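Quick caveat, the model's predicted, so the values are computed rather than measured.
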Amino acid sequence: MTAVTGQVAAAERGETRIADRVVAKIAAQAAKEAVDDPPEDGASPRATVTVHRDAARVRVSLELRYPCDIGRQCGAVRSRVAQRVKSLAGMDVPEVAVQVERLHTAGAGGGQGRIR
């Protein structure tokens, strides 16, 4: 402790570690926010994260409504995930891999169908 200010020196404060699963939840929620028109019967986005020091590599799996601009949707997910992880967890995100697992389309008779 410094005698002049009464504050703890930076080296003595310790460190904050954010668990991978917390970063994964942030990423999954950000992916959900980024999808324009999510399928009604689709699963919520899922994310897995590998954290090394102050950088997180993210893999997001999601389902989209068909037809849509898949490239634009994936780009929006990448941008939103990187931005939210940076702002909420303070981590750089050099890589966001987006995997589209299913496309949901309106089937015959108004029901929902899936394209695999």
Side-chain angles (χ1 to χ4, degrees):
M1 221 172 170
T2 59
V4 178
T5 62
Q7 294 180 354
V8 177
E12 297 175 15
R13 289 185 203 147
E15 81 178 348
T16 301
R17 184 177 183 314
I18 301 172
D20 293 9
R21 64 188 170 99
V22 173
V23 180
K25 286 185 180 188
I26 292 169
Q29 179 60 36
K32 185 175 183 178
E33 294 168 0
V35 175
D36 288 340
D37 187 22
E40 293 173 13
D41 60 341
S44 292
R46 292 168 309 285
T48 57
V49 175
T50 303
V51 176
H52 186 262
R53 297 186 189 193
D54 292 333
R57 295 194 184 278
V58 181
R59 176 173 293 280
V60 177
S61 298
L62 52 81
E63 299 179 7
L64 296 174
R65 184 180 301 272
Y66 181 82
C68 72
D69 185 343
I70 296 171
R72 187 183 62 74
Q73 288 287 303
C74 291
V77 168
R78 279 188 207 93
S79 296
R80 182 70 174 177
V81 167
Q83 181 259 328
R84 295 296 282 168
V85 170
K86 177 70 174 174
S87 68
L88 295 175
M91 296 180 183
D92 291 321
V93 184
E95 177 184 343
V96 178
V98 179
Q99 178 177 344
V100 178
E101 291 195 352
R102 287 194 178 113
L103 296 173
H104 293 260
T105 184
Q112 290 292 322
R114 291 183 176 172
I115 299 174
R116 290 185 188 211

**Student:** Show the numbers, then the answer: is there a side-chain contact (heavy atoms from CB on, under 4.5 Å) between Leu103 and Glu63?
**Tutor:** CA-CA 6 Å; Leu103 296 173; Glu63 299 179 7; over 6 Å; no

**Student:** Step by step, would you call Val51 with Ile18 a side-chain contact (heavy atoms from CB on, under 4.5 Å)?
**Tutor:** CA-CA 9 Å; Val51 176; Ile18 301 172; over 6 Å; no

**Student:** Is it true that a side-chain atom of Arg46 and a backbone atom of Ser44 form a donor plus acceptor pair closer than 3.5 Å?
**Tutor:** yes

**Student:** Assess whether side-chain contact (heavy atoms from CB on, under 4.5 Å) is satisfied between Arg84 and Gln29, documenting all intermediate values.
**Tutor:** CA-CA 9 Å; Arg84 295 296 282 168; Gln29 179 60 36; over 6 Å; no

**Student:** What are the two closest non-hydrogen atoms of Ala34 and Gln73, and how far apart are they?
**Tutor:** O-OE1, 4.4 Å

**Student:** More than 12 heavy atoms of other residues, nucleotides or ligands under 6.0 Å from CZ of Arg72: is that the case?
**Tutor:** yes

**Student:** Could you report the tightest heavy-atom contact between Val81 and Ala30, atom names first, then the distance?
**Tutor:** CA-CB, 3.9 Å

**Student:** How far does NE2 of His104 sit from CG of Leu64, to the nearest 0.5 angstrom?
**Tutor:** 8.5 Å

**Student:** Grab the two heavy atoms, one from Pro45 and one from Ala28, that are nearest each other, plus how far apart they are.
**Tutor:** O-CB, 3.6 Å

**Student:** Could you measure the distance from the CZ atom of Arg65 to the CG atom of Asp41? Nearest 0.5 Å is fine.
**Tutor:** 8.0 Å

**Student:** How many angstroms lie between atom CG of Leu88 and atom CD of Gln83, to the nearest 0.5 angstrom?
**Tutor:** 8.0 Å

**Student:** Inspect the surroundings of CZ in Arg59 and state if more than 12 heavy atoms from other residues, nucleotides or ligands are less than 6.0 Å away.
**Tutor:** no

**Student:** Does atom CG (Asp54) have a neighbourhood of more than 12 heavy atoms from anything else shown, all under 6.0 Å?
**Tutor:** no

**Student:** When rounded to the nearest 0.5 angstrom, what distance separates OG in Ser61 from CZ in Arg102?
**Tutor:** 11.0 Å

